[in-house]
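Numbered from 1 within each chain, the chains take letters A, B, ... in sequence-line order.
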Number of protein chains: 2
Amino acid sequence: MIKVLVADDQPLIRASFRRLIDSVPGFQVYGEAATGAQAVAVAASEPPDLVLMDVRMPELDGIEATRRICAADPRARVLIVTTFDLDEYVYGALRAGATGFLLKDTPPAELIRSVRAVASGDSLLGPGATRRLIERYVSRPARRLDITEREREVLVLVARGLSNAEIAQTLYVTLSTVKTHVSSLLLKLGARTRVHLVIAAYEAGLVQG
Amino acid sequence: MIKVLVADDQPLIRASFRRLIDSVPGFQVYGEAATGAQAVAVAASEPPDLVLMDVRMPELDGIEATRRICAADPRARVLIVTTFDLDEYVYGALRAGATGFLLKDTPPAELIRSVRAVASGDSLLGPGATRRLIERYVSRPARRLDITEREREVLVLVARGLSNAEIAQTLYVTLSTVKTHVSSLLLKLGARTRVHLVIAAYEAGLVQG
DNA sequence: GCGCGTATCGGTCTCAGGACCGATGCGCGG
DNA sequence: CCGCGCATCGGTCCTGAGACCGATACGCGC
């Protein structure tokens, strides 16, 4: 039996969620909270398997409550359910330890599927949130680097922390050649030092393992 | 009318998708492809609004086909639909430009919702894929840097590309002090040059990567 | 053929970066 | 009180980095 805690400042929303969750076999709402502080307190006294958490709540917002609950019990799964689909919420929530992020206008059937998924350790985000998360992850198309293939190789090695001499050895060319390429990169990317090259490489997604 | 291209090496799957898509108002399958190369060719002759793409295909796999189609037409939306839910696929697909990633056992209703979402610019991933993407995103603060608060400030500025002199001006201290902090950072983080510091900062998520 | 871009190489020169030496003041805990 | 860590500052010394100068060779299109 998955023990669910519902945290929302609106009693109607809580009741609605409770009905929905209780209708799912294997799930049961064992507690409710109207504030973030209450949610933390309830979670502390009786650890939930899953928390349905609103973001906007008095005393302590849902993000901070999520952070504390997850800090106290890393096994806890938190599914943020909110009216808004704002970036700061999503990223903050994920960093705080939330497992999922859904909008309140999500159809009940999908919400149930999400609850199941989150309870089993998977994650679900609303479409917009997923898109932005992906964009953050592959924020490549930001600026496409207009450099030659060889320069790209050199840039990657620079971004890995190799010195010019080390790059020369790696590519089987002389130090002079590497310096030429680096200078060309500095010019093309508008960088002053190789540090800027490293930053550009990370921003462009050329590296990042 | 959203023009959809279905790419899968199995005719039955293609037929199934075609029926499903055509049943959605506003969507129509205008072409099919049995290989990645065919998909690229069809997309080149008649640009699709949306592509349903299998990963495992002869000649050219779905990832590479996605890369070429997206490179040729950045407006193209590609939804990867595959039997497997492997990491390399997901990350490769996203980097290649895919907008979504779903499993073939996804219920038709959810698949339709996904198609709509992708067509409208949003994204959808399978639960497992979303979880791993989130883990990648928030795996930053994994390695905690054992440095002082002041050193952290200096590190961030170094990672932003500032020279020691610029950092000194920013923090209202002398060049000597900055050099001391930088040296301390180099020692603590096991770095040889400030480039390594930048890398460490990005890996640790101290700066937006 | 000629121009152009790319990749390769060599030299000189200046300077920021970093090592290594020293120092002071301050807060904090044994 | 005394030791310790942190932040601050000053000096010397050496080296890699990068600018700037030059060059050759190759492939490509006009």
- Phosphate oxygens OP1/OP2 of C/dA16: is one of them under 4.0 Å from a side-chain N or O of B/Ser163? no
- Item | Spacing of A/Leu197 atom CG relative to D/dG16 atom P, expressed in whole Å | 19 Å
- Message: Starting the side chain at C-beta, find the nucleotide from D/dA19, D/dT8, C/dG10 nearest to A/Leu186.
- Response: D/dA19
- Item | Whole-Å distance separating the CZ atom of B/Arg194 from the P atom of D/dT15 | 20 Å
- For the student: nearest non-hydrogen atoms of B/Glu32 and B/Val42, plus distance: O-CG2, 4.1 Å
- Message: On a heavy-atom basis, which atom in A/Leu197 and which in A/Leu155 lie closest, and how many Å separate them?
- Response: O-CD1, 3.6 Å
- Message: Would you say B/Asn164 places a side-chain N or O within less than 4.0 Å of OP1 or OP2 belonging to C/dG17?
- Response: yes
- Item | Distance below 4.0 Å between A/Arg192 side-chain N/O and D/dG18 OP1 or OP2 | no
- Where the side chain of B/Glu151 is defined as all heavy atoms beyond and including C-beta, which of D/dC9, D/dA17, D/dA7 is the nearest nucleotide? D/dA7
- Message: With a 4.0 Å cutoff (strictly under), does any side-chain N or O of B/Thr174 reach OP1 or OP2 of D/dC9?
- Response: yes
- Query: Could you give the CD-to-P distance, from A/Glu149 to C/dA7, as a whole number of Å?
  - Reply: 9 Å
- What is the distance, rounded to the nearest whole Å, between atom OH of A/Tyr172 and atom P of C/dT8? 14 Å
- B/Thr177 vs D/dA7: side-chain N/O to OP1/OP2 distance below 4.0 Å: no
- Item | Euclidean distance, atom CD of residue A/Glu153 to atom P of C/dT6 [Å, nearest integer] | 15 Å
- Would you mind reporting whether B/Thr82 and B/Phe101 have side-chain heavy atoms less than 4.5 Å apart? yes
- C/dA7 phosphate, OP1 or OP2: any side-chain N/O from A/Thr148 under 4.0 angstrom? yes
- Item | Integer-rounded Å distance: C/dC15 C1' and B/Lys179 NZ | 10 Å
- Query: Roughly, in whole Å, what's the span from CD in A/Glu166 to C1' in D/dA17?
  - Reply: 14 Å
- Item | Residue-phosphate contact under 4.0 Å: A/Arg150 side-chain N/O, C/dT8 OP1/OP2 | yes
- Is the closest side-chain donor-acceptor distance between A/Thr180 and A/Thr177 under 3.5 Å? no
- Ranking D/dA7, D/dC9, C/dT6 by distance to the side chain of A/Lys188, first place goes to C/dT6
- Task: Please report the shortest heavy-atom distance between B/Ile69 and B/Met53, naming the atom on each side.
- Result: CD1-CE, 3.9 Å
- Could you check whether B/Thr180 gets within reach of a base, just the sugar-phosphate, or nothing at all, counting any heavy atom under 4.0 Å? base
- Task: Respond yes when some side-chain nitrogen or oxygen of A/His181 is under 4.0 Å from OP1 or OP2 of C/dT8, and no when none is.
- Result: yes
- Which part of the nucleic acid, if any, lies within contact of B/Ser176, taking any heavy atom under 4.0 Å across all strands shown: a base, the sugar-phosphate backbone alone, or nothing? base
